[in-house]
Structures are given as structure tokens and as C-alpha cells.
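Step one of this worksheet: look at the structure below.
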2 protein chains.
Amino acid sequence: MSKTPALPASLKQFLVKGNELFLPGISIDCVIFGFHENTLKLLLLDSAKSNKWTLPGGFVLKSEDINDAAYRVLLERTGLNDIYLKQFDVFGQPNRTDASVHKTTFEQYGSKIPKDHCMIQRFVSVGYFALIDYTNFSIQNDPINSVYDWKGIEQVKHLPIEHDHGAIIQKALESLRTQLAYLPIGKNLLPKKFTMPELQKLYETILNKPLDRRNFQRKMLGFGILNKLNEARKGGAHKSPFLYTFNDKKYQKALKEGLYGSW
Amino acid sequence: MSKTPALPASLKQFLVKGNELFLPGISIDCVIFGFHENTLKLLLLDSAKSNKWTLPGGFVLKSEDINDAAYRVLLERTGLNDIYLKQFDVFGQPNRTDASVHKTTFEQYGSKIPKDHCMIQRFVSVGYFALIDYTNFSIQNDPINSVYDWKGIEQVKHLPIEHDHGAIIQKALESLRTQLAYLPIGKNLLPKKFTMPELQKLYETILNKPLDRRNFQRKMLGFGILNKLNEARKGGAHKSPFLYTFNDKKYQKALKEGLYGSW
DNA sequence: TTAGATTGTGTCTGTGTAACGCAATGATGA
DNA sequence: TCATCATTGCGTTACACAGACACAATCTAA
């Protein structure tokens, strides 16, 4: 896993033309959420040398909308396309990043960063969170950090995290919780077909508290955003639960008003 | 009002040392809300030459936290201190600002901007909104734009607004509305002592819909965040309403959970 | 003194939430 | 094969709260 590849094209371009191509002082960090085995998970990259985990991030082209940049960064670093992305906060502490990390990254490839390069400067980072379907996910190796892994949100607290990315993750989680009623979490974090218990577990893990099975079902059905299928999830050790899909139109409409309720 | 003052110290410093002192490519814009005569108002500055209204804004010092910068900018440009400020969004479209405006500003003072000055570059702006007590407000003249005024939020739509500040204002309003349950709007937008009808009018204007007098009172009292005083607001043409203050401790605590309810 | 508008307080009703019961299902193991 | 057992599907009851409205009390102006 820890080979020493040639300097990737994107990195080389950044090294040589960084000052010319990118906006100075601004970066983007993506907190990527997935849901698997009743756990909310984060996609983290291992910045090999420092042995710390980082968020996939990048920079903004000089004439690029910052939201477009976020989608591009996500695509370039994970291969993920057509993903739900939402800006949630800005991180602007003066010493939030450790410039030496960038040096280490480039030294991996035997390259050095020019002293006047904008990369060495302070960065204000715009945080985005992404919601993706874990089951339908396959990452192509990140061009910068070859190792990636999913980590449970509880587990993350005990991992070494690069820069202030730990704080960014916590803030992302907080935003996810407080904006829950307005976010298409079900649609984006679950597979196309899912069961009511699965949907419930998703809400329970995000809210970090148990919910009553029967009330949850009544409430969800009450929103009128689900299509009940004539199939059941076979193979479990117990009664087979029905499968559902989202009624996209009604889901979108309901989210605008917010999925009202005292979660 | 439209005298031609000498180049203010802050502007001169920015002109000469801008590239050295400030982070390039990042600016701050403040949407300042006040409440007066049953209307939600915005504090706008008149950028004299272009005859358009702008938000008070500024830049971030190279070793300054971006939140600190927001407080500093607010203080420098309005004299306001110790104000509730909250970051609400980032505006990163490539052509969101019109660089010629800056030129005009400096030409007012007979100065020119060097061609390589960071001010001419594209800016990503971080939006903050401020909540202030209109009745306890007195502004010192802004060093850059001498004319300021409060404008009702309905009125703003029909005014000429500089850059994308119109969109920023709309987004600030939207954030104010959706986060209503978590924001100390009463505490910050009203005078220390206030009546129940005044508090209700505040909520009504922010939500842009009428609320039932009796239900509103019952609900508000139910939160247990108000102290009922043994005074009444005299002088009105009708029955004197009681005065209230906030119980700060309980208010803070209640806001963390959110003032639950179907506003 | 009265009229008129506004405020303080109380009541009723429908809806939604919380809490819990019970039968049906499906794999497992005796 | 059949009993066991966790899980799912569907239902019921009690209670809190929101919405709608009634009525008395208060204050100023005419």
C-alpha cells in the first residue's frame, strides 16, 4: 500500500502552477458520511507519513464557483460523482493547518515546495459534508493519499487527526443533527431499497438516541414520502421486513417544509 | 453629507499595506438586523458614488481568526461593540463583486489602487449576521461610506444594492427564519424591558405571518425564560401591557434545545 | 362618562406524541 | 416436525399541545 508513486499530474500542476491557477488562502474540506452496519461512518484518508487521518480536500480555481470546486474536489479525490454535498461552516483560525504536512506530502514524491508557494500560506477552509450510499460505493484510489478507510463516528474521536479536521468533523456532525429535518439523509445514505428498521436505525444513530419502533413507522408513513414495495428483505433470522423506496417528488417537497416532529 | 474627506487612516493602510496585512481573496460582510416600529430593519451603507447600498464589510488580518475579524470589522465600520454575530454562509461565485466599485471608492479620496493590489482580485466573502438593539443604538459615521440608514426588509428588495449583497441579505433572512428556534433574537433585537405584544410582533415580522396573541403568550411563558416585572408600559392609548425581561440562564439553556414549537 | 382598542386570562377541541399490547412471521434447534 | 424466540406489522389509550375563540379588565381620547 505504501509504494512511492510518481508525482501525480494534479499534484504536479498544483506545485508548478498553484499560485497561478488557484485562489490563495482558501481550501475546501469534505466530510463524507456513509451508513453501514447500523453505524454512521466517515471516509478518511491516511496521510501516509504523518500517520494521521485527514479529510479529502482541495483548492478553488481562480474562476470557479466555490460550490463547483467542492464537487470537483470530491470527484478528483474519491471518484465520487453526483453526490449530495452541502456547505456547513467555515474554519478560519489562523493556525488551523500545519504547513509541514504539505511538505511531507510532496517529499513522498521527491518534490519540494517553493517558498513563495500559496500552499505554505494560511488557509481558510470551507467545510462541506457529503451523504453517500455506502452499499453502492467503490472508491478509486486517491491520487494524494493512497490509503483510505471508513471509520465509525465514535471511533473517530480516538484516532489521530490531521490539522483541525477533528473539529471540522464534529461540527459537521452537529450540523447534520440540527438540520436533520431538512436534509435528504434517507435518500442519500441508504440504498435505493431499504426497510423500515434500517431507516429507523439511521435516524437513531444520527440522533444518538433510541426511538419507538411503532411511533417511528407511523410518523414516517404519515409524511407520505415512502413507497411500500411488495417485496421483503429475505435472509434475516426473523420476520422479513417490507422494502420501501422514496417517493422523490414528495420527499423533496416535504423537506422544504422540514420533516416536522420532535425527533 | 457628501463632503470629500481625507483618505481615512484605515483605508490608507489598506491601500499601502493591503497585500501585506490582509489575507488575499477573503472578505467579510455583515448583515445587521434591528427591530423598530414593528419592522425588521437592516443597516445599510450608501457607497456614495455608485448610489447603491452596501453591507458593511472588511478583510481579515493575516494572523487573525476569521470570527475575530468579523467583530473587528463591525466595530471599525459601525462603532458597534459586544454584539451578537453569527456566520451564516459563504459566497464564492467568481464574479460576485464588481472591482470597479473599489476604484470608485478610492477615487473619492483622490487615490488610485495599484494594479497588483489584492483588492482587485476575486473575493470569497463570509457572511455574518448581527442582531442589535435598535433603541440602544447610535452609530459613529462609517469611515468609508459616510451615509448609512436603516431600511425595512420589504423596502430592501426595491433598492439598488451593490455587488451580490442583495443575495447575501436574502440568505441572511432565510437563515434567520430557519434557525429561529436556536437564536437569541428576543434578547438581542429588543430592549432590555419589553412587552409581550412587542415580542410577538418581532416573531411575526421575522416569520412573516400573524400569530394568535393568546397562544403566543401561553407558549412563551411555557418556556420559562421570561421574568414578569411589576411594571407596565405606560403612555400607550390602551391597556398598559406588562413588561418582561429575559431570564438569561434559562434562555441560553432553552435555546440549546431549541424553542420547540411549530412556529 | 363613554367609546374603542388593546391586554390579561380561561376554555374547548382536534391533532400528534408517547407508551404499550398483541398477533404474525421466519429461522433455529430440540 | 414443532416449539422457541427475536423481530416485524398493526392497533389502542392517555396525555400534552396547538389552534380557535370568549370575556372581563384596563387605559386614553373625545
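Because the structure is a prediction, the values reported are computed rather than measured. We name chains A, B, ... by the order of the sequence lines, and we start the count at 1 in each one.
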I need a per-nucleotide contact map over nucleotides 8-15 of chain C, read 5' to 3'. Cutoff is protein heavy atoms under 4.0 Å; write B for the base, S for backbone only, - otherwise. BBBB----
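Rounded to whole Å, atom C1' of D:dA3 lies 16 Å from atom NE2 of A:His238. Atom CG in B:Leu211 sits about 14 Å away from atom C1' in D:dA20, given to the nearest Å. In this entry the distance linking CD of A:Gln200 with P of C:dA18 reads 13 Å, nearest Å. Taking atom NZ of residue B:Lys201 and atom C1' of nucleotide C:dT7, one finds them 11 Å apart after rounding to whole Å. Distance, B:Leu199 CG to C:dT7 P: 13 Å, rounded to whole Å. In this structure, CD of A:Glu198 is placed 16 Å from C1' of D:dG9, rounded to the nearest angstrom.
For the pair B:Arg96 (side chain) and B:His163 (backbone), a donor-acceptor distance under 3.5 Å is absent. In this structure a side-chain-to-backbone donor-acceptor pair under 3.5 Å is present from A:Gln200 to A:Leu211.
A sub-4.0 Å separation between OP1 or OP2 of D:dC17 and a side-chain N or O of B:Lys219 is absent.
Within the model, atoms CG of A:Leu44 and NZ of A:Lys151 stand 7.5 Å from one another, a figure rounded to the nearest 0.5 Å.
For the salt bridge (Lys or Arg N to Asp or Glu O under 4.0 Å) test with B:Asp248, the passing option among B:Lys253, B:Lys192, B:Lys187 is B:Lys187; the others fail. Of the listed residues (B:Phe194, B:Phe35, B:Trp150), just one forms a ring-ring contact (aromatic ring centres under 6.0 Å, His included) with B:Tyr134, and that residue is B:Trp150.
Using a 4.5 Å heavy-atom threshold, the side chains of A:Tyr84 and A:Leu183 count as touching.
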